[in-house]
2 protein chains.
Amino acid sequence: MARPSRASQLPNLGESIKEAAWRQITESGASSLSLRSIARELGITAPAIYNYFSDRDALVTALIVDAYASFGDCQHEARESHPGPGREIDRLRATGIAYRKWAIDHPHRYLLIFGNPVPGYEPPMQELLPVMIRSLGALLAAVGELHALGRLDMEGVPHPSLEPGHRFSAIMETADQAELPVYAVAMVIWSRVHGLVSLEITGQFPPFPDAGAALYLFELDSICRQFVLPPDHSATINRRMP
Amino acid sequence: MARPSRASQLPNLGESIKEAAWRQITESGASSLSLRSIARELGITAPAIYNYFSDRDALVTALIVDAYASFGDCQHEARESHPGPGREIDRLRATGIAYRKWAIDHPHRYLLIFGNPVPGYEPPMQELLPVMIRSLGALLAAVGELHALGRLDMEGVPHPSLEPGHRFSAIMETADQAELPVYAVAMVIWSRVHGLVSLEITGQFPPFPDAGAALYLFELDSICRQFVLPPDHSATINRRMP
DNA sequence: AATTTTAGTTTACAGTGTAAATATACACTG
DNA sequence: CAGTGTATATTTACACTGTAAACTAAAATT
């Protein structure tokens with residue numbers, strides 16, 4: 001008995017493996033996923049998985065790619081739900097709201113891609129970069145269009161210069177030099193949003209009901225107030241004078 | 001041969017185990033630590049460790065407690081390095097600076113206590129709460145004294161109400177109801193600082209030289225500008241009128 | 001129909017955490 | 001000092017993990 005007849009085996013085993021992996025991850029925590037128990041759940045033997053994923057790491061990478069795709073979809077959909085001129089702030093806020101919603105709906109996926117890496121896992125950047133860029137591209141676009149309208153307040157934001165040889169250099173080399181501060185602002189926004197969300201997801205939060213939602217909305221407001229200039233008003237005027 | 005003579009064994013084996021564990025963690029990543037390889041490094045057998053730690057989890061807990069203690073020391077030292085009245089902002093900033101410095105000096109310790117938890121590890125809150133409270137107490141004190149001086153701008157900060165039965169309820173029940181917004185502000189500050197630092201530590205950062213330091217200083221400034229009112233000025237005056 | 005490829009199985013090996021039984025060095029007691 | 005008890009290790013054993021190698025039979029191709 002070396003191979004069951006096709007009738008008795010489920011089609012699309014590759015996808016089934018990933019599904020089982022997600023099921024396990026979402027209940028038993030992040031990196032306690034085991035090839036053997038996946039196989040058990042699917043009624044096959046463990047080495048059979050190696051026909052679809054060369055490695056445990058390869059499986060993890062596939063999961064990460066899927067997670068990034070799902071996250072990226074969610075981000076871009078949110079942004080595109082407020083089309084048209086004059087709604088740039090709505091687009092920025094919508095991506096922010098969607099960020100937390102997706103993270104709370106899929107905490108383990110969030111931690112898988114943005115948390116600290118799985119034990120021995122070294123992420124293959126070449127494979128992950130495209131999906132990473134796309135998923136964070138929504139925020140970048142939202143900030144970028146505000147900048148294009150002259151409505152981005154970059155006061156005090158450090159103007160970065162390129163560092164060659166870094167893992168993310170590929171992203172940056174294509175960018176316009178003049179837009180580098182936009183990246184810096186996006187980075188700050190991302191870090192704030194990530195800070196709150198990751199603390200909330202990992203349970204390191206105060207015992208206040210709806211604290212997550214309330215603090216998150218407060219932070220979105222803070223972000224808009226700090227970085228977004230009011231529309232029109234001809235040029236840049238100092239809006240804060242003590 | 002069931003037990004080597006005391007001359008040939010190292011004293012304080014309990015501490016030696018933790019040291020070996022740290023050595024392994026700092027080089028081979030967070031949760032790839034193995035009792036057997038610790039034993040190998042110390043020239044003993046694996047089950048001997050069970051005389052000092054009832055579990056692999058117990059060892060991890062001990063490491064976490066130590067990490068919190070080191071982190072807490074660092075935080076309080078930073079705060080106390082600017083004593084005296086009129087230097088409240090210095091104290092707040094110093095704890096902020098120290099926060100990142102400690103995290104960068106001990107990235108694995110940082111991820112161990114503030115990152116996503118180790119695979120199957122369920123943190124024993126009863127044991128960890130005291131060290132957690134103490135370590136975050138420095139920030140809380142820095143924010144609290146500003147509040148006591150009427151220099152804390154809590155505009156828009158959500159006023160939380162208590163939620164019973166939460167893991168952290170013990171902390172909060174002792175707190176003055178009127179000081180709850182102080183906790184909220186401290187929480188926001190912590191989340192911003194944690195967001196930047198955790199992204200920097202896990203390598204999810206743009207390829208800009210010193211981006212971490214520059215963005216971090218920018219965020220500290222943002223925090224002070226948003227939450228700290230200028231001294232004196234009799235009462236509270238609206239400093240932002242558009 | 002013969003051959004090759006595909007997609008599984010079985011077997012095996014080196015890891016891991018940990019429970020149970022065992023043995024000995026040391027500290028106490030009679 | 002002899003005898004006992006306890007602390008601290010070792011040995012052995014078990015269940016679990018990822019994964020490499022050999023093998024086998026179903027399906028596709030020639």
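Sequence lines set the chain letters: A, B, ... in the order given, protein chains first and strands last, and positions in each chain run from 1.
Taking atom CG of residue B/Leu13 and atom P of nucleotide D/dT10, one finds them 9 Å apart after rounding to whole Å. At whole-Å resolution of the value, CG in B/Leu42 and C1' in D/dT8 are 15 Å apart. Spacing between atom CG of A/Asn51 and atom C1' of D/dC23 amounts to 14 Å, rounded to whole angstrom units.
Residue B/Thr45 places none of its side-chain N or O atoms closer than 4.0 Å to OP1 or OP2 of D/dA9.
In this structure, the ring pair (Phe, Tyr, Trp, His ring centres under 6.0 Å) partners of A/His106, at least two apart in sequence or on a different chain, are A/Trp102. Qualifying ring pair (Phe, Tyr, Trp, His ring centres under 6.0 Å) partners for A/Tyr68, counting only residues two or more places apart in sequence or in other chains: A/Phe114. Judged as a salt bridge (Lys or Arg N to Asp or Glu O under 4.0 Å), and not counting sequence neighbours, A/Asp55 has no contacts.
Of all nucleotides present, only D/dC1 satisfies the Watson-Crick or G-U wobble test against C/dG30, with each distance under 3.5 Å.
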Please tabulate the protein-to-nucleotide N/O contacts below 3.5 Å involving nucleotides 14-18 of chain C, giving atom names and distances.
residue: C/dT16; atom: OP1; partner: B/Ser34; partner atom: OG; Å: 3.2
residue: C/dT16; atom: OP1; partner: B/Arg40; partner atom: NH2; Å: 3.2
residue: C/dT16; atom: OP2; partner: B/Arg40; partner atom: NH2; Å: 2.7
residue: C/dG17; atom: OP1; partner: B/Leu35; partner atom: N; Å: 2.6
residue: C/dG17; atom: OP2; partner: B/Leu35; partner atom: N; Å: 3.2
residue: C/dG17; atom: OP2; partner: B/Arg36; partner atom: N; Å: 3.0
residue: C/dG17; atom: N7; partner: B/Arg36; partner atom: NH1; Å: 2.4
residue: C/dG17; atom: O6; partner: B/Arg36; partner atom: NH1; Å: 2.9
residue: C/dT18; atom: OP1; partner: B/Asp55; partner atom: OD1; Å: 2.8
residue: C/dT18; atom: OP2; partner: B/Tyr50; partner atom: OH; Å: 2.7
residue: C/dT18; atom: OP2; partner: B/Arg56; partner atom: N; Å: 3.0
residue: C/dT18; atom: O5'; partner: B/Tyr50; partner atom: OH; Å: 2.7

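Between B/Phe227 and A/Phe218, the ring planes lie tilted relative to each other; the angle falls in the 30° to 60° range.
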When the side chains of residues 35-43 of chain B are checked against the rest of the protein, which donor-acceptor pairs come out under 3.5 Å, sequence neighbours left out?
residue: B/Ser37; atom: OG; partner: B/Gln24; partner atom: OE1; Å: 2.4
residue: B/Ser37; atom: OG; partner: B/Gln24; partner atom: NE2; Å: 3.0
residue: B/Ser37; atom: OG; partner: B/Ser34; partner atom: O; Å: 3.3
residue: B/Glu41; atom: OE2; partner: B/Arg23; partner atom: NH1; Å: 2.1

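A side-chain hydrogen bond (donor to acceptor under 3.5 Å, both in side chains) check over residues 129-143 of chain A, counting only residues at least two apart or in different chains, returns the pairs A/Asp73-A/Arg134.
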